[in-house]
Amino acid sequence: LLGYVGFANLPNQVHRKSVKKGFEFTAMVVGESGLGKSTLVNTLFNTALYPPKENTEPSNETVQTVEIQSITSDIEENGVKLRLTVVDTPGFGDFVNNEESWKPILDDIESRFDAYLEQENRVNRRKMVDNRIHACIYFIMATGHALKPLDIEFMRRLHTRVNLIPVIAKADTLTEEEVVAFKQRILADIQHHKIQIYQAPTYEYDDEETMAENKEIMSKIPFAVVGSDKEVEINGRRVRGRSYPWGLIEVDNEDHCDFVKLRQMLIRTHMEELKEFTNNILYENYRTEKLQAMGI
Ligand code: GDP
Ligand code: MG
């Protein structure tokens, strides 16, 4: 079942309240051009089944900017609604001088915090619109070597403002062994630079199955992803994948890549956690800093 996402099967009661209201979730994708961001977004939205409606903000015509584009889609599954927005950031890392590539993205994330803060200060707070970014998927080029200075700088600048979820882009261009080694190297670099990537909390009251599932998902970070919006036929089955002379890489096959795990984390197992961490920690810290700076 290609179109099946799984959020209608939410694992526990924490989610009951949201189920009634429907879910809203906003993720952002960042990474150099050509790393497969747009393709992954399409893969995530399952374009064929749920054509997303685009509402691209008017973009600046000058070449040296990072654009902010968002795509929203309402997905419904077994009567449960999800409004999923993905914010794409074409232009990141494409300039001759990329020293400040992170800046327009940080500005965008903070301006969404500002918009939320402004609403909180209104008298009527019944219709709050939450456009805050709940997760930032950061695409790392599958070099097999180490993080680039651009990656380190971006993550260092952003980690206190957004839940960072690093992924290895186009993981089908590396062998299985290379992926394993590259993941270790990336995590070592992240630790060395004291970068805080998203870590799921564990709860004592979680059942064993949930804890095992969480551990399994967390163990895959940085997710080795492969995107494709094309279907390929294999043994009479139609699957999404990328075919090579030596074989086929299936996007939705967990033995081939971590795309399913990433989607599971975002849309099913950790959606509420990512939103709570954004609201309770990241936004709250921003708000405190902002009010202090204003002398309040
Ligand atoms: P963006 O610039 O980051 O949005 O990248 P695109 O999604 O436009 O993809 C750039 C090129 O890479 C296209 O030709 C895609 O077909 C190809 N591509 C996208 N995802 C993958 C992937 O997972 N593996 C491989 N090998 N190629 C990919
Ligand atoms: Mg793109």
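Bear in mind that the values here come from a model prediction, so they are computed numbers and not experimental data. For ligands, and for the atoms within them, numbers begin at 1 and follow the listed sequence.
- One hydrophobic cluster, built from ILVMFWY side chains closer than 4.5 Å, holds both Leu262 and Leu187.
- Heavy-atom proximity to atom 8 (O) of ligand 1, evaluated over Gly241, Ser38, Pro90, is greatest for Ser38.
- Residue Tyr244 approaches ligand 1 through these ligand atoms, each under 4.0 Å from one of its heavy atoms: 26 (N).
- With respect to atom 24 (N) of ligand 1, the closest heavy atom belonging to the protein is Asp172 OD1, 2.8 Å.
- Atom 22 (C) of ligand 1 is flagged as protein-proximal [any protein heavy atom, distance under 4.0 Å].
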task = List the steps, then state whether side-chain contact (heavy atoms from CB on, under 4.5 Å) holds for Val87 with Ile68.
result = CA-CA 7 Å; Val87 178; Ile68 308 288; 3.6 Å; yes
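- Closest non-hydrogen pair, Phe25 versus Leu274, comes out as CZ-CD1, 3.8 Å.
- Considering all non-hydrogen atoms of both residues, Arg185 and His145 come closest at CG-O, 3.0 Å.
- Screening Ile109, Ile195, Asn163 against Leu158 for a side chain to side chain contact (heavy atoms under 4.5 Å, CB included) leaves a single residue, Ile109.
- Ranking protein heavy atoms by distance to atom 5 (O) of ligand 1, first place goes to Gly36 N, 3.0 Å.
- Atoms of ligand 1 lying under 4.0 Å from at least one heavy atom of Ser33, given by number and element, are 2 (O).
- At under 3.5 Å, not a single nitrogen or oxygen of Thr173, backbone or side chain, sits near a nitrogen or oxygen of ligand 1.
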ask   = Hey, mind stepping through Glu250 and Arg237 against salt bridge (Lys or Arg N to Asp or Glu O under 4.0 Å) and telling me if it holds?
value = CA-CA 11 Å; Glu250 294 173 42; Arg237 277 188 309 142; 3.5 Å; yes
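- Of the listed options Gly34, Ala224, Ala142, Gly34 places a heavy atom closest to atom 1 (P) of ligand 1.
- For Asp207, the side chain to side chain donor-acceptor pair (under 3.5 Å) partners at least two apart in sequence or on another chain are Thr210.
- Neighbours of the Mg ion (ligand 2) restricted to protein N, O or S atoms under 2.8 Å: the count is 1.
- Hydrophobic clustering of Ile, Leu, Val, Met, Phe, Trp and Tyr side chains at less than 4.5 Å, counting indirect connections, keeps Leu174 apart from Val180.
- Counting only non-hydrogen atoms, the option in Lys170, Arg242, Glu32, Lys230 that gets closest to atom 11 (C) of ligand 1 is Lys170.
- Checking only distances, Gly227 does come within under 3.5 Å of ligand 1, N or O to N or O.
- Considering backbone and side-chain N/O atoms, Ala171 never comes within less than 3.5 Å of an N/O atom of ligand 1.
- Protein heavy atoms come within 4.0 Å of atom 27 (N) of ligand 1.
- Looking from atom 13 (C) of ligand 1 to the surrounding protein, the closest heavy atom is Thr39 OG1, 4.7 Å.
- Shown here is Gln196, whose CD atom has no more than 12 heavy atoms of other residues, nucleotides or ligands within 6.0 Å.
- Close N/O approach between Lys37 and ligand 1 is found [any backbone or side-chain N/O within under 3.5 Å].
- Considering both main-chain and side-chain atoms, Val226 never comes within under 3.5 Å of ligand 1 through any nitrogen or oxygen pair.
- In Phe259, neither the side chain nor the backbone holds a heavy atom less than 4.0 Å from any atom of ligand 1.
- At least one cation-pi condition fails for Arg132 and Phe113: the charged atom is not both under 6.0 angstrom from the six-membered ring centre and inside a 45 degree cone around its axis.
- Applying ring pair (Phe, Tyr, Trp, His ring centres under 6.0 Å) to Tyr138 and the options Phe154, Trp102, Tyr198 leaves one that passes, Phe154.
- For residues 216-244, the pairs satisfying ring pair (Phe, Tyr, Trp, His ring centres under 6.0 Å) are Tyr244-Trp246, with sequence neighbours left out.
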Less than 3.5 Å apart, which donor and acceptor atoms pair up between the side chains of residues 288-296 and the rest of the protein, not counting sequence neighbours?
{"from": "Thr288", "atom 1": "OG1", "to": "Glu284", "atom 2": "O", "distance (Å)": "2.8"}
{"from": "Glu289", "atom 1": "OE1", "to": "Arg161", "atom 2": "NH2", "distance (Å)": "2.9"}
{"from": "Lys290", "atom 1": "NZ", "to": "Asp114", "atom 2": "OD1", "distance (Å)": "3.1"}

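- Listed here is the closest heavy atom pair of Ser228 and Gly241: OG-O, 2.8 Å.
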